[in-house]
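Every chain is numbered from 1 and lettered A, B, ... according to where its sequence line falls, protein lines coming before strand lines.
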Protein chains: 2
Amino acid sequence: MNDLEVRQLRYFVAVAEELHFGRAAARLGMAQPPLSRSIRELERRLGVTLFERTTRQVTLTAAGEVLLRDARDVLAAIAAAARRARHAGRPAPRLRLALKADHDGGLLPRILAAYRREEAAPPVELLLGGRGEQDQALRDGRADVALLAVPCDERGLDVEPLLTEPRLVALSAADPLAARSSLRLADLAGRTRPDGSPADRDDLGPPVGSGERPPKTDREPAVVTHRAASDLTQIFKLIELGDTVAFLPACVTRRYPRPGIVYRPADDLLPVTLAVAWPQNSHSPAVAAFVRAATAVAASDEQDTTMPPEAVTRSSG
Amino acid sequence: MNDLEVRQLRYFVAVAEELHFGRAAARLGMAQPPLSRSIRELERRLGVTLFERTTRQVTLTAAGEVLLRDARDVLAAIAAAARRARHAGRPAPRLRLALKADHDGGLLPRILAAYRREEAAPPVELLLGGRGEQDQALRDGRADVALLAVPCDERGLDVEPLLTEPRLVALSAADPLAARSSLRLADLAGRTRPDGSPADRDDLGPPVGSGERPPKTDREPAVVTHRAASDLTQIFKLIELGDTVAFLPACVTRRYPRPGIVYRPADDLLPVTLAVAWPQNSHSPAVAAFVRAATAVAASDEQDTTMPPEAVTRSSG
DNA sequence: ACCGTTGATACCTTGCGGATATGAATGATC
DNA sequence: GATCATTCATATCCGCAAGGTATCAACGGT
């Protein structure tokens with residue numbers, strides 16, 4: 001049939017991103033003429049011109065922009081399909097759970113216990129990652145299910161909220177602001193967050209573009225991390241040095257009382273909602289079992305919300 | 001690279017659906033040996049066996065089942081991408097709005113008026129269809145935006161609820177039940193709905209499989225429609241004949257008072273929510289304009305909810 | 001006016017996808 | 001239990017389309 005081919009989409013995305021046939025061809029590891037011809041063939045099949053080209057510059061048409069979005073999605077979906085199939089073909093496929101270390105609202109042990117009591121419960125493989133990596137891992141087939149903070153990019157995912165809890169500002173005990181009992185985000189001007197972004201605004205929310213870099217502050221902070229710190233111990237180290245602050249869910253702050261660090265509420269710091277998420281077309285019984293377990297634990301936890309969290313018995317250290 | 005090809009996925013889906021290489025090859029319009037070889041090549045690339053085959057029967061492995069879901073999605077996404085690109089390449093691309101005739105909650109005229117006042121508002125092209133066709137039209141690239149009833153299959157879509165309104169049972173004035181002022185679904189046992197499904201249960205909800213047939217009743221009704229009636233006039237004809245009942249949103253019943261038909265509330269008939277929906281990766285300004293218009297109209301309408309709907313001035317007939 | 005850049009064209013080569021012929025294995029039949 | 005039919009796999013050939021090289025043509029900057 002007159003079907004689009006994956007190769008054509010790959011080529012198209014390369015040219016659309018480079019806006020230069022020569023560079024795109026180099027990126028694809030091929031010569032320029034066959035690339036030009038392949039794009040022409042794609043345009044012929046679609047009956048649509050995708051690029052306006054002169055010998056000096058190449059621009060996307062409106063149709064090209066539309067196709068670019070879809071083509072990226074399709075290519076990602078194909079790669080994800082391959083990954084998922086490969087995983088499912090392993091002799092004993094595990095349930096790959098993506099989460100950010102310690103950001104599980106303290107529910108993880110109970111969720112895992114409830115999960116293991118389910119019928120179809122293959123062993124769980126943890127996939128630890130930084131903020132915003134969980135949804136990506138679900139989409140590209142590296143994970144089967146995730147515990148993540150919403151809002152996030154929910155495209156292609158099913159998301160079930162579990163619990164909402166406030167976040168606190170973690171700052172050095174030596175910080176002047178530590179003397180105050182409550183803060184506002186504006187008070188944090190000049191300080192940075194562990195990922196390098198400025199701390200006086202809360203950029204929580206779905207990441208818009210895929211190739212997004214963390215915005216840089218104009219004035220250089222005293223401490224610059226080469227890579228964004230994702231490990232909590234690294235983060236605490238940075239905070240103790242001053243100049244860096246972090247917004248941490250209450251469950252994390254309760255678990256990590258540290259001498260050099262204080263936690264303060266901030267009025268305009270939005271609470272974070274923990275959710276369980278999975279790919280929309282997943283019909284895996286293991287995923288279903290995990291989701292059941294997670295929602296059951298969260299529901300039983302909600303009834304305890306009336307008593308203060310200190311009153312809850314800690315089962316283990 | 002070791003990338004999957006669309007052709008391989010098409011072949012795989014055909015074999016997975018037929019579970020027979022010969023028939024699958026016939027369906028694909030090709031000979032059986034190259035099909036077998038192509039599947040083997042796919043398995044080699046994935047490093048996974050997708051089918052257990054003996055000379056007498058072919059079965060899907062677990063990995064095959066996983067890939068089948070993803071492959072169907074990918075193929076649909078590619079076809080949709082092609083359709084969308086073709087449409088976007090037309091000289092004056094229109095905004096294609098999918099909806100079910102008359103099931104617009106009476107909002108459509110005002111939504112269209114508000115939409116036309118927006119900045120980027122290309123002409124609207126209506127795409128009328130039966131229940132459950134709207135989400136499909138969005139997914140496969142035939143429509144850019146839709147007004148539809150939730151719950152529906154929201155996979156790949158963004159959905160914004162507009163208004164919720166009760167549904168009423170439409171039945172023949174000659175029906176014994178017409179004497180009662182209120183019904184329950186159980187009272188409707190034995191009657192059928194216009195699509196042929198039994199009327200004593202409400203199968204509202206997301207359709208599970210793609211190739212689902214409407215369930216047949218065991219006892220044959222007096223009137224059998226060859227195709228499911230989707231046109232309201234056809235539906236009314238059937239209802240007048242008795243034996244058929246329909247669940248219609250209040251906005252429809254208000255617009256169509258008919259002598260031979262009465263509308264009765266049913267206690268356990270869930271209300272229907274009208275929503276505006278669009279493909280998740282759509283960044284079209286026209287779609288954004290339409291969604292803004294629809295939500296604005298719905299919001300302004302919500303304030304009038306306190307007064308009974310009869311009190312609302314009817315602008316046109 | 002000249003030169004460099006860049007996409008298009010022409011032509012050749014090759015690898016892969018498809019067809020035909022045939023083999024091998026398995027279940028059914030008498 | 002020998003035979004046959006069914007069905008997937010293998011062997012081999014062929015044609016086309018994807019990729020490479022050489023070259024042209026158009027446009028911009030100096």
Side-chain angles (χ1 to χ4, degrees), chain A residues 1-61 63-64 67-68 71 74-75 78 82, chain B residues 1-61 63-64 67-68 71 74-75 78 82:
Chain A
M1 259 286 219
N2 257 358
D3 226 346
L4 301 193
E5 283 296 325
V6 174
R7 185 174 15 83
Q8 295 178 308
L9 293 183
R10 265 208 336 268
Y11 292 178
F12 168 72
V13 170
V15 176
E17 285 178 356
E18 299 284 347
L19 289 179
H20 190 292
F21 281 79
R23 278 198 299 276
R27 205 176 93 181
L28 294 166
M30 67 186 293
Q32 168 260 320
L35 176 60
S36 285
R37 199 180 43 180
S38 191
I39 296 290
R40 272 216 179 282
E41 169 65 14
L42 174 62
E43 290 179 319
R44 196 193 59 76
R45 281 195 193 177
L46 288 174
V48 159
T49 69
L50 299 168
F51 297 102
E52 295 294 346
R53 18 190 174 328
T54 68
T55 55
R56 304 302 292 174
Q57 85 172 0
V58 176
T59 58
L60 265 179
T61 63
L67 184 61
L68 180 55
V74 165
L75 293 179
I78 287 183
Chain B
M1 260 288 218
N2 257 0
D3 225 344
L4 301 193
E5 282 296 325
V6 174
R7 185 173 15 83
Q8 294 179 308
L9 293 183
R10 264 206 339 266
Y11 292 179
F12 167 73
V13 170
V15 176
E17 285 177 356
E18 299 284 347
L19 288 180
H20 190 292
F21 280 80
R23 278 197 298 275
R27 207 176 92 179
L28 293 165
M30 66 187 292
Q32 168 261 321
L35 176 59
S36 286
R37 199 178 45 178
S38 192
I39 296 289
R40 274 219 176 279
E41 168 64 15
L42 175 61
E43 289 178 321
R44 195 194 59 75
R45 281 195 193 177
L46 289 173
V48 159
T49 70
L50 299 168
F51 296 102
E52 295 295 344
R53 18 198 182 312
T54 69
T55 56
R56 303 305 291 176
Q57 88 172 359
V58 175
T59 58
L60 265 179
T61 62
L67 183 61
L68 180 55
V74 165
L75 293 179
I78 286 184

Upstream residue (5' side of DNA chain D) when A:G29 and A:T55 are each assigned their closest nucleotide: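 Nearest nucleotide further toward 5': that of A:G29.
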Pick the nucleotide of DNA chain D nearest each of A:P34 and B:R40; which residue has the one closer to the 5' end?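 Result: B:R40.
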If I take atom [atom1] in residue [X] and atom [atom2] in nucleotide [N], what distance separates them, rounded to the nearest angstrom?
X     : N      : atom1 : atom2 : value
B:L28 : C:dG18 : CG    : C1'   : 13 Å
A:E52 : C:dT6  : CD    : C1'   : 17 Å
A:E5  : D:dA18 : CD    : P     : 8 Å
A:F21 : C:dG7  : CZ    : P     : 6 Å
B:M30 : C:dC16 : CE    : P     : 16 Å
A:R10 : D:dA18 : CZ    : C1'   : 12 Å
A:Q57 : D:dG28 : CD    : C1'   : 11 Å
B:I39 : C:dG18 : CD1   : C1'   : 15 Å

Would you say A:R45 and A:Q8 make side-chain contact, with heavy atoms under 4.5 Å?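 Yes. Closest side-chain heavy atoms under 4.5 Å.
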With a 4.0 Å cut-off on N to O distance, would you call A:R10 and A:E5 a salt bridge?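 Between A:E5 and A:R10 there is no salt bridge, as every charged N stays at least 4.0 Å from the carboxylate O atoms.
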B:R53 and B:E43 ion-paired at < 4.0 Å: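 Yes.
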So if I take every side-chain heavy atom of [X] and compare against [options], which nucleotide ends up nearest?
X     : options               : answer
B:H20 : D:dC8, C:dT20, C:dG18 : D:dC8
B:R7  : C:dG17, C:dA8, D:dA9  : C:dG17
A:A31 : D:dA9, C:dG18, D:dG20 : D:dG20

Looking only at side-chain N and O atoms, does A:T54 come under 4.0 Å of OP1 or OP2 in D:dC27?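 Looking at the OP1 and OP2 atoms of D:dC27, neither is under 4.0 Å from any side-chain N or O of A:T54.
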Looking at B:R53, I'd like to know whether one of its side-chain N or O atoms comes within less than 4.0 Å of OP1 or OP2 on D:dA9.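 Answer is yes, contact under 4.0 Å.
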Closest heavy-atom contact between B:L35 and B:A25?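 Minimum heavy-atom contact is CD2-N, 3.5 Å.
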Can you name the nearest heavy-atom pair linking B:F12 to B:G64, along with the distance?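 So the minimum-distance heavy-atom pair works out to CZ-O, 3.4 Å.
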Select base, sugar-phosphate, or nothing to describe what B:Q32 touches, counting heavy atoms under 4.0 Å on all strands.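 Answer is base: heavy atoms of B:Q32 come under 4.0 Å of a base.
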Using a heavy-atom cut-off of 4.0 Å across all strands, would you classify A:F51 as base, sugar-phosphate, or nothing?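 A:F51: no heavy atom of the nucleic acid under 4.0 Å.
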Can you check whether any acceptor in the base of [N] is under 3.5 Å from a donor in the side chain of [X], or vice versa?
X     : N      : value
A:E41 : D:dA17 : no
A:R37 : D:dG19 : yes
A:R56 : C:dT5  : yes

